[in-house]
Number of protein chains: 2
Amino acid sequence: MPRKPNFDRNDLIERARDLFWKRGWSGTSLKDLEAELQMKPGSFYAAFGSKDALFGLAMQKYVNDGLEHLRELADKCGPINALKQWPAKAIESDNAPAKACMLSKTLLELNAHNHPLAEQASLHLLKMEEQFADLFQQAQSAGEIDKTHDPLVLARKYQSDLLGLRVSAERDGINAQAIAQEIADGISRL
Amino acid sequence: MPRKPNFDRNDLIERARDLFWKRGWSGTSLKDLEAELQMKPGSFYAAFGSKDALFGLAMQKYVNDGLEHLRELADKCGPINALKQWPAKAIESDNAPAKACMLSKTLLELNAHNHPLAEQASLHLLKMEEQFADLFQQAQSAGEIDKTHDPLVLARKYQSDLLGLRVSAERDGINAQAIAQEIADGISRL
DNA sequence: AATATACTTGAGTGATCACTCAAGAAAGAC
DNA sequence: GTCTTTCTTGAGTGATCACTCAAGTATATT
């Protein structure tokens with residue numbers, strides 16, 4: 001009996017994610033979203049409830065896609081090669097919304113205000129870190145990395161390196177791929 | 001003949017810096033600044049011209065203080081020890097406005113809008129990097145670091161590590177001091 | 001004391017913020 | 001076709017944004 005919405009919800013969330021990722025939370029106004037999503041305010045609020053709610057969905061998609069891509073990479077070329085290639089892949093795309101990680105951008109922007117989205121970002125970062133730890137452990141099981149290392153410690157440092165790389169990649173005149181290579185080399189030395 | 005302002009300009013800039021550092025550019029409203037600086041709008045604009053102008057002065061002070069502290073540390077305990085201790089020092093203070101670097105926060109927040117302050121932040125980061133490179137070179141001259149390394153490359157990676165550390169330090173439940181220690185250990189291995 | 005020269009005050013500017021809601025339009029059920 | 005249910009529209013909400021400016025006040029010079 002009801003009328004169906006004439007949009008693809010998943011597509012809208014992806015476009016919102018790209019906009020939020022690039023411009024940040026306060027840098028993205030509802031007017032921006034209305035223009036990008038081709039929605040009037042009424043439809044927007046009927047569909048998503050609030051700007052924050054959509055931002056939450058956008059971050060969720062960002063993380064899910066990231067976890068999935070990493071898993072695919074690991075399936076294709078093994079855990080240690082995935083970990084080595086991941087940094088370069090994270091910054092290689094020229095048409096990505098931003099070089100920096102959406103989660104770190106959100107955390108830095110909203111943490112001081114104790115905004116719920118900052119906490120969400122923090123939890124998502126932890127989720128990523130757990131997958132890194134998982135890959136480090138798999139690499140240890142495969143005998144590719146010394147087993148005396150704690151995979152959680154390795155993952156924490158790896159995550160930190162990755163975040164630094166992706167901030168550096170936002171800068172002009174910085175050869176970020178060289179930094180990515182150094183991170184990869186660091187893994188080889190473990 | 002004129003009346004003197006009844007405030008200490010340098011003190012105002014420091015307090016503005018702390019507020020901007022903690023809350024970011026768009027997270028700090030003029031109302032916030034008026035409250036923190038105890039200034040009415042008229043005085044504020046007479047003294048600083050605009051929010052952006054004050055933000056620029058605040059970043060300038062942030063960098064100058066950073067460069068000076070690093071130089072002092074290097075004078076006190078030598079270039080390589082300064083480089084080793086710096087990461088831990090950057091995140092140790094509990095009453096600092098934020099763990100993350102003000103320059104990286106500004107860059108991430110404003111880069112997508114091509115805001116002049118993002119460019120300023122980028123230049124300031126380069127300035128810091130140059131001082132790091134200088135210390136690496138001094139350490140090489142003193143025979144403390146292998147001379148085959150390019151100090152500019154070392155500095156770039158060091159800066160990236162530092163930025164990552166300071167983003168990680170914003171997260172809850174992360175032992176950032178352990179990451180700082182790993183960065184220091186990395187320098188020892190050079 | 002008079003004057004000139006700032007500095008301080010705070011109400012007020014238009015613009016934009018996230019968001020609301022009543023009215024109209026579309027599509028499946030009958 | 002009619003009804004019911006949902007989606008779409010877009011003008012409009014109060015709040016807040018960075019910022020202005022005319023009037024009042026304080027101080028150094030003469």
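Throughout, a chain's letter reflects where its sequence line sits, starting with A, and its residues are numbered from 1. Quick caveat: nothing in here was measured; it's all calculated off a predicted structure.
Counting only heavy atoms from C-beta on, B:Lys40 has its side chain closest to C:dG10 among D:dC19, C:dG10, D:dA11. Here C:dA18 is the nucleotide among D:dT8, C:dG10, C:dA18 with the atom lying nearest to any side-chain atom of A:Leu30. Listed candidates were D:dT8, C:dA11, C:dC17. Nearest to the side chain of B:Pro41 is C:dA11.
Between the P atom of C:dC7 and the CG atom of B:Leu37 lies a distance of 16 Å, rounded to the nearest Å. In this structure, B:Lys31 places its NZ atom 11 Å from P of D:dA18, rounding to the nearest Å. B:Leu12 has its CG atom 13 Å from the P atom of C:dC7, to the nearest Å. In this entry the distance linking CE of A:Met39 with P of D:dC7 reads 10 Å, nearest Å. Computed from coordinates, the A:Phe55 CZ to C:dC19 C1' distance equals 18 Å when rounded to whole Å. One atom, CG of B:Leu33, and another, C1' of D:dA18, lie 11 Å apart when rounded to the nearest Å. Taking atom CG on B:Asp52 and atom C1' on D:dC19, their separation rounds to 12 Å, with Å as the unit. The distance from atom CD of B:Glu34 to atom C1' of D:dT20 is 12 Å, rounded to the nearest whole Å.
Nearest-nucleotide mapping onto DNA chain C: of A:Lys51 and A:Gly42, the residue sitting toward the 5' end is A:Lys51.
At C:dT20, none of the side-chain N or O atoms of A:Tyr45 fall inside 4.0 Å of OP1 or OP2 (strictly under the cut-off). Proximity of B:Ser43 to the phosphate of C:dC7: no side-chain N or O atom is located under 4.0 Å from OP1 or OP2.
Contact annotation for B:Ser26: no contact, since no heavy-atom pair falls under 4.0 Å across all strands. Here B:Phe7 lies in heavy-atom contact (under 4.0 Å) with sugar-phosphate atoms only.
Residues B:Asp185 and B:Ser188 have side chains that never bring a donor and an acceptor to within less than 3.5 angstrom of each other.
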ask   = A:Asp52 and A:Ser50: side chain to side chain donor-acceptor pair (under 3.5 Å), yes or no, with the steps?
value = CA-CA 5 Å; A:Asp52 283 4; A:Ser50 72; 5.6 Å; no
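Counting only distance, with no hydrogens or angles, the side chain of A:His115 and the backbone of A:Leu117 share a donor-acceptor pair below 3.5 Å.
Applying the ring pair (Phe, Tyr, Trp, His ring centres under 6.0 Å) test to A:Tyr158 and every residue at least two apart in sequence or in another chain returns A:Phe132, A:Phe136. Taking B:Tyr45 as the reference, nothing meets the ring pair (Phe, Tyr, Trp, His ring centres under 6.0 Å) condition, with sequence neighbours excluded.
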